[in-house]
*Asks:* 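Encoded as structure tokens, here's the structure I'll be asking about.
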Amino acid sequence: MNEIAREILLKYPDETLFQNAVMDFVDSIEEHIEPDILKLLLYPERTIIFRVPWVDRHGRVQVNYGYRVQYNSALGPYKGGLRFDPSVDLDVMKFLAFEQTFKNALTGLGLGGAKGGSDFNPKDKTEMEIMMFCQSFMTELSKHIGSETDIPAGDIGVGKREIGYLFGQYKRLTNSFSPTLTGKNIEHGGALARTEATGYGLVYMVDALLDHHHDSFEDKNVVISGSGNVAIYAALKVNTLGGRVIAMSDRSGYVYKESGLDILAIQKHKESGKKLSEISDPSVRFVFELPIWNVPCDIALPCAHENEVNELHVISLIENGCKVIAEGANRPLTTEAIEEIMKSDITFIPGKAANAGGVVASGIEMRQNAQFEHFSFEHVDRLLEKSMYEIFKDLVDAAESLGERNNYLKAANYLAYKRLETSIKSLGVI
Ligand code: NDP
């Protein structure tokens with residue numbers, strides 16, 4: 001099986017993120033994969049690359065690349081976020097779309113997998129430039145999406161503001177108020193608690209794990225990387241459940257407070273556009289250029305970026321007594337880091353399962369839109385918690401059926417693969 005995968009992947013030697021994601025998947029459940037299904041799973045169904053021309057604040061023409069990788073639609077319409085970040089390229093998009101396909105399968109919602117975005121950097125742009133860019137991006141993307149075809153959402157660099165501009169342009173071009181995007185503003189049919197869902201969902205899943213072991217978040221020290229959407233709402237939920245978030249990071253470094261950070265203050269600080277290094281609270285220590293994973297903790301939640309945790313970081317976490325690592329970001333752990341975990345007694349929940357809360361809330365938004373309804377925050381939150389507990393229960397059952405109790409990486413890959421395999425087979429070779 002490895003040979004089939006290698007042969008296909010070697011045709012694209014520059015796509016290292018994609019290759020690593022595929023090879024880790026194949027390695028973990030090789031004995032359960034059928035060769036013909038694997039071949040179909042190694043190619044995206046469709047890859048769209050387009051140019052996005054726009055005019056900057058000085059009246060100069062700028063051009064970025066736009067991408068949409070429609071990876072697999074065996075289970076339903078393509079679904080996955082849009083990322084605006086300078087690091088975006090075809091490799092990043094294919095890797096994220098591959099992971100999304102399995103994540104969506106795990107939710108049981110009947111959604112295919114996709115990912116898209118652009119190498120546009122919204123961080124150094126004006127409001128007007130962001131609107132112009134979103135309109136130009138959607139002018140092309142609109143030809144390839146639809147409420148029964150492909151339903152994009154946000155990701156890094158694409159929040160409610162960008163979704164608003166993208167949806168506005170889609171509405172103008174198609175002359176319809178079709179719910180083709182999720183993560184919309186409430187007045188456009190967005191779901192309450194969608195913003196919170198990935199971070200909350202991550203913590204609900206860890207809570208389900210702790211509960212499974214007759215334990216809880218009470219008095220646990222938690223380290224969270226990042227201080228963006230996923231990280232902040234994960235941190236707020238950890239506090240609600242009785243845990244203590246002692247360290248958080250951004251691109252400038254990390255902040256640490258032994259008695260627990262004031263998350264609302266950090267949220268306010270970050271929302272004002274400042275770096276963590278600019279926090280002036282004397283009770284908070286700022287650490288520059290050292291990995292946050294040196295901080296001793298019970299639970300580690302990487303919520304920043306892919307490949308942010310390597311094997312040395314994992315060794316440090318193990319030596320410092322960490323017991324649980326759950327991925328809030330998409331594949332924040334390298335292959336070598338995961339290998340280290342598998343040799344240890346750390347319990348690991350992969351992002352495919354742990355960060356599925358955003359997809360779950362998107363599913364709720366789609367249901368809301370179809371029924372012309374608006375659910376309350378509490379209702380969405382309850383559905384989210386229930387879904388994350390159910391996904392975890394499915395992982396426990398799958399791990400037991402594989403005879404590998406606690407191996408939630410293998411369980412997630414196996415469960416998602418089996419759901420895809422059944423559907424792909426029944427559709428024929430298409
Ligand atoms: P945000 O852009 O809101 O936040 C990302 C955070 O990570 C920021 O604090 C950023 O720092 C930090 N960061 C980014 N790159 C680096 C880096 N190279 N080194 C150190 N810190 C870094 O993104 P999200 O919170 O939305 O997403 C985070 C991760 O979660 C991504 O992998 C995303 O794909 C994944 N994810 C997100 C979902 C969602 O619903 N938003 C759903 C599922 C997965 P700074 O503030 O300095 O920029």
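Numbering starts at 1 and runs along the sequence shown. Note that ligands are numbered from 1 as they come in the structure, with each ligand's atoms numbered from 1 the same way.
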*Asks:* Is there a side-chain contact between Glu378 and Arg382 (heavy atoms, below 4.5 Å)?
*Replies:* yes
*Asks:* Considering only heavy atoms, does Arg194 approach ligand 1 within less than 4.0 Å through its side chain, its backbone, both, or neither?
*Replies:* side chain
*Asks:* For ligand 1, which atoms have a heavy atom of Lys270 less than 4.0 angstrom away?
*Replies:* 45 (P), 46 (O), 47 (O)
*Asks:* Which residue supplies the protein heavy atom nearest to atom 23 (O) of ligand 1, what is that atom called, and how far is it?
*Replies:*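 For atom 23 (O) of ligand 1, the nearest protein heavy atom comes out as Ile156 CG1, 3.3 Å.
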*Asks:* Heavy atoms only: give me the nearest Lys410-Ser28 pair and the separation to one decimal.
*Replies:*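 For Lys410 versus Ser28, the nearest heavy atoms are CE-O, 3.3 Å.
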*Asks:* State whether Asp155 and Arg83 are salt-bridged, where the test is any N-O pair (Lys NZ or Arg NE/NH1/NH2 against Asp/Glu carboxylate O) under 4.0 Å.
*Replies:*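 Salt bridge present between Asp155 and Arg83.
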*Asks:* Does the distance from a Lys or Arg side-chain N to an Asp or Glu carboxylate O, for Asp150 and Arg68, drop under 4.0 Å?
*Replies:* yes
*Asks:* Using a 4.0 Å heavy-atom cut-off, say whether Lys123 meets ligand 1 through its side chain, its backbone, both or neither.
*Replies:* side chain
*Asks:* Show me which atoms of ligand 1 lie under 4.0 Å from any heavy atom of Ala329.
*Replies:* 29 (C), 30 (O), 32 (O), 35 (C)
*Asks:* Looking at atom 26 (O) of ligand 1, what's its closest protein heavy atom, distance included?
*Replies:*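 The protein heavy atom lying closest is Asn229 CB, 3.7 Å.
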*Asks:* N/O to N/O below 3.5 Å, does that happen between Ser252 and ligand 1?
*Replies:*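 Such a contact does not occur with ligand 1.
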*Asks:* Below 4.0 Å from ligand 1: does a non-hydrogen atom of Arg83 turn up there or not?
*Replies:* yes
*Asks:* Considering only non-hydrogen protein atoms, determine which one is nearest to atom 33 (C) of ligand 1 and report residue, atom name and distance to 0.1 Å.
*Replies:*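 The closest heavy atom on the protein side is Asp155 OD1, 3.2 Å.
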*Asks:* Would you mind checking which non-hydrogen protein atom is closest to atom 9 (O) of ligand 1, with the distance to 0.1 Å?
*Replies:* Ser227 N, 2.9 Å
*Asks:* Determine, considering heavy atoms only, which of Gly228, Ala197, Gly328 sits nearest to atom 6 (C) of ligand 1.
*Replies:*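 When every heavy atom of Gly228, Ala197, Gly328 is considered, Gly228 comes closest to atom 6 (C) of ligand 1.
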*Asks:* Ignoring angles and geometry beyond distance, decide whether Glu306 reaches within less than 3.5 Å of ligand 1 through its nitrogen or oxygen atoms.
*Replies:* no
*Asks:* Run down the list His305, Arg331, Lys115 and name the one with the heavy atom closest to atom 18 (N) of ligand 1.
*Replies:*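 That would be His305.
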*Asks:* Check ligand 1 against Asn355 and write out every atom of the ligand that is under 4.0 Å from a heavy-atom position of the residue.
*Replies:* 43 (C), 44 (C)
*Asks:* If you measure from the Lys or Arg side-chain nitrogens to the Asp or Glu carboxylate oxygens, is any gap between Arg331 and Asp24 under 4.0 Å?
*Replies:*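 Here Arg331 pairs with Asp24 in a salt bridge, since their nearest N and O are under 4.0 Å apart.
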*Asks:* For ligand 1, which atoms have a heavy atom of Lys103 less than 4.0 angstrom away?
*Replies:*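 In order of number, 43 (C).
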*Asks:* Below 6.0 angstrom between ring centroids: does that apply to Tyr417 and Phe102?
*Replies:*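 For Tyr417 and Phe102, the ring centres are not under 6.0 Å apart.
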*Asks:* Nearest protein heavy-atom contact for atom 5 (C) of ligand 1: which residue, which atom, what distance?
*Replies:* Ala304 O, 4.1 Å
*Asks:* For Lys115, which of Asn330, Leu82, Val92 qualifies under side chain to side chain contact (heavy atoms under 4.5 Å, CB included)?
*Replies:*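 Per the side chain to side chain contact (heavy atoms under 4.5 Å, CB included) rule, the option paired with Lys115 is Asn330, out of Asn330, Leu82, Val92.
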*Asks:* Would you kindly specify which portion of Pro332 sits under 4.0 Å from ligand 1, judged on non-hydrogen atoms: side chain, backbone, both or neither?
*Replies:* neither
*Asks:* Might you work through the ring pair (Phe, Tyr, Trp, His ring centres under 6.0 Å) test for Trp54 and Phe137, ending with a clear yes or no?
*Replies:* CA-CA 9 Å; Trp54 55 284; Phe137 182 85; over 10 Å; no
*Asks:* Do Glu390 and Lys393 sit within salt-bridge range, that is, some charged N less than 4.0 Å from a carboxylate O?
*Replies:*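 No, no charged N to carboxylate O under 4.0 Å.
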*Asks:* Looking only at non-hydrogen atoms, find the nearest pair between Leu75 and Ser423 and report the distance.
*Replies:* CD2-CB, 3.7 Å
*Asks:* Tell me if the centroids of the rings in Phe84 and Phe133 come within less than 6.0 Å of each other.
*Replies:* yes
*Asks:* Students should be able to answer this: which protein heavy-atom is nearest to atom 16 (C) of ligand 1, and at what distance?
*Replies:* Arg251 CG, 3.8 Å
*Asks:* Please determine whether a side-chain nitrogen of the Lys or Arg among Lys268 and Glu271 lies less than 4.0 Å from a carboxylate oxygen of the Asp or Glu.
*Replies:* no
*Asks:* Looking at Asp207 and Lys220, does any basic side-chain N land under 4.0 Å from a carboxylate oxygen?
*Replies:* no
*Asks:* Do me a favour and list the nearest non-hydrogen protein atom to atom 32 (O) of ligand 1 with residue, atom name and distance?
*Replies:*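 Going by distance alone, atom 32 (O) of ligand 1 is nearest to Asn330 N, 3.2 Å.
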*Asks:* Backbone, side chain, both or neither: what part of Asp250 comes under 4.0 angstrom of ligand 1, heavy atoms only?
*Replies:*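 Asp250 to ligand 1: contacts from backbone and side chain alike.
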*Asks:* Between Val230 and ligand 1, is there a nitrogen or oxygen pair with a distance under 3.5 Å?
*Replies:*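 Yes, since at least one N or O of Val230 sits under 3.5 Å from an N or O of ligand 1.
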*Asks:* Which residue supplies the protein heavy atom nearest to atom 39 (C) of ligand 1, what is that atom called, and how far is it?
*Replies:* Thr198 OG1, 3.4 Å
